[in-house]
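This report concerns only the one structure given below.
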Amino acid sequence: MKRIAIFASGSGSNAENIANYFKGSQEVEIPLILANNPEAYVLERAKKLGIDSVVVTNKEFREADKVLAIMQEYKIDFIVLAGFLLLVPAKLIDAYPGRIVNIHPALLPKHGGKGMYGDRVHEAVVACGDTESGITIHLIDERYDCGTTFFQATCPVQSDDTPHDVAEKVHALEYKHFPHVIEEIIKTLD
């Protein structure tokens with residue numbers, strides 16, 4: 001049984017989707033959701049899902065010792081970043097090599113990097129006149145949105161699409177693909 005911690009900073013719709021996907025699984029369980037924002041709605045979702053949640057400050061996250069202690073306490077094997085906006089520190093990456101996955105709401109390497117998240121990404125897609133967007137699911141490294149790509153899925157962007165329209169298409173791809181791609185990555189672990 002692999003134990004996943006989900007890290008989220010906001011609403012947590014992807015976290016909820018992932019938790020529901022693995023509900024009742026004999027191979028994966030999600031005992032913990034970690035947030036860096038005490039006001040994040042993901043904490044309410046965790047309560048409703050019956051999943052423990054913990055909030056760490058940005059400073060605690062950057063220093064990583066408290067986060068590592070929490071991961072050890074919950075016997076976490078794998079970490080999923082689902083709308084988590086902080087750069088993961090080297091200490092945490094070193095403790096979980098090849099075991100931290102992120103989803104980005106665009107086709108990396110386009111529209112990635114520091115500050116490129118959520119609506120900012122969709123606004124950039126529209127502003128650039130891109131004809132497609134999508135999702136990138138990747139293992140992380142010590143830079144924003146630069147780790148090894150594991151999976152991408154695309155959606156068309158019409159010339160009259162608004163950033164909101166693009167966001168809806170991208171969210172649909174996230175909900176459809178992220179849980180089963182996580183499952184595929186976990187199957188590759190020892």
Side-chain angles (χ1 to χ4, degrees), residues 4-21 33-37 39-43 45 56 58 61-62 78-90 92-93 96-186 188:
I4 295 176
I6 299 175
F7 291 10
S9 297
S11 162
S13 60
N14 267 314
E16 182 174 8
N17 186 49
I18 294 162
N20 286 331
Y21 180 86
I33 292 176
L34 181 140
N36 66 308
N37 173 1
E39 304 299 316
Y41 189 70
V42 71
L43 300 170
R45 291 183 195 267
V56 296
N58 290 352
F61 187 77
R62 282 191 303 275
F78 192 80
I79 297 170
V80 173
L81 308 181
F84 191 72
L85 303 181
L86 298 180
L87 186 65
V88 177
L92 191 53
I93 293 169
Y96 287 88
R99 292 174 179 258
I100 305 175
V101 68
N102 182 48
I103 190 165
H104 185 75
L107 299 172
L108 292 175
K110 287 185 89 174
H111 310 301
K114 186 173 182 169
M116 290 303 288
Y117 58 88
D119 289 340
R120 294 176 181 188
V121 174
H122 310 306
E123 289 164 4
V125 166
V126 170
C128 287
D130 291 352
T131 58
E132 70 176 3
S133 190
I135 60 170
T136 302
I137 299 170
H138 63 98
L139 297 173
I140 67 152
D141 62 18
E142 293 177 36
R143 298 167 295 158
Y144 283 107
D145 302 324
C146 289
T148 303
T149 295
F150 197 87
F151 176 87
Q152 288 186 314
T154 64
C155 59
V157 176
Q158 306 302 323
S159 60
D160 60 346
D161 277 351
T162 66
H164 178 77
D165 296 330
V166 175
E168 285 187 348
K169 293 176 188 181
V170 169
H171 288 311
L173 291 174
E174 290 173 348
Y175 302 150
K176 178 180 179 182
H177 295 291
F178 201 17
H180 78 80
V181 172
I182 292 166
E183 186 173 42
E184 290 303 310
I185 296 170
I186 287 173
T188 70

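Side-chain atoms of Val181 and Val101, non-hydrogen and from C-beta on, never get closer than 4.5 Å to each other. You'll find the side chain of Lys169 reaches within 4.5 Å of the side chain of Asp161, heavy atoms only.
For the atom pair CD1 of Ile137 and NE2 of His180, the computed distance is 7.0 Å after rounding to the nearest 0.5 Å. With rounding to the nearest 0.5 Å, the separation of CG in Asp130 from CG in Leu107 is 8.5 Å. For the atom pair CD1 of Ile100 and CZ of Phe78, the computed distance is 9.0 Å after rounding to the nearest 0.5 Å.
With Phe84 as the fixed residue, the side-chain contact (heavy atoms from CB on, under 4.5 Å) test singles out one of Leu34, Asn102, Ile103: Leu34. Under the side-chain contact (heavy atoms from CB on, under 4.5 Å) test applied with Leu86, the options Leu81, Asn36, Val56 reduce to a single match, Asn36.
In this structure, a donor-acceptor pair under 3.5 Å is present between the side chains of His164 and Glu168. For the residue pair Asn37 and Ser9, no side-chain donor N or O sits within less than 3.5 Å of a side-chain acceptor on the partner. The closest side-chain donor-acceptor pair between Arg45 and Ser13, if any, does not fall under 3.5 angstrom.
Residue pairs meeting the ring-ring contact (aromatic ring centres under 6.0 Å, His included) criterion with at least one partner in residues 97-128, sequence neighbours excluded, do not occur; the list is empty.
Not one N or O on the side chain of Asn17 forms a donor-acceptor pair closer than 3.5 Å with the backbone of Asn14. Using modelled atom types, one side-chain atom of Thr136 and one backbone atom of Ala106 make a donor-acceptor pair closer than 3.5 Å.
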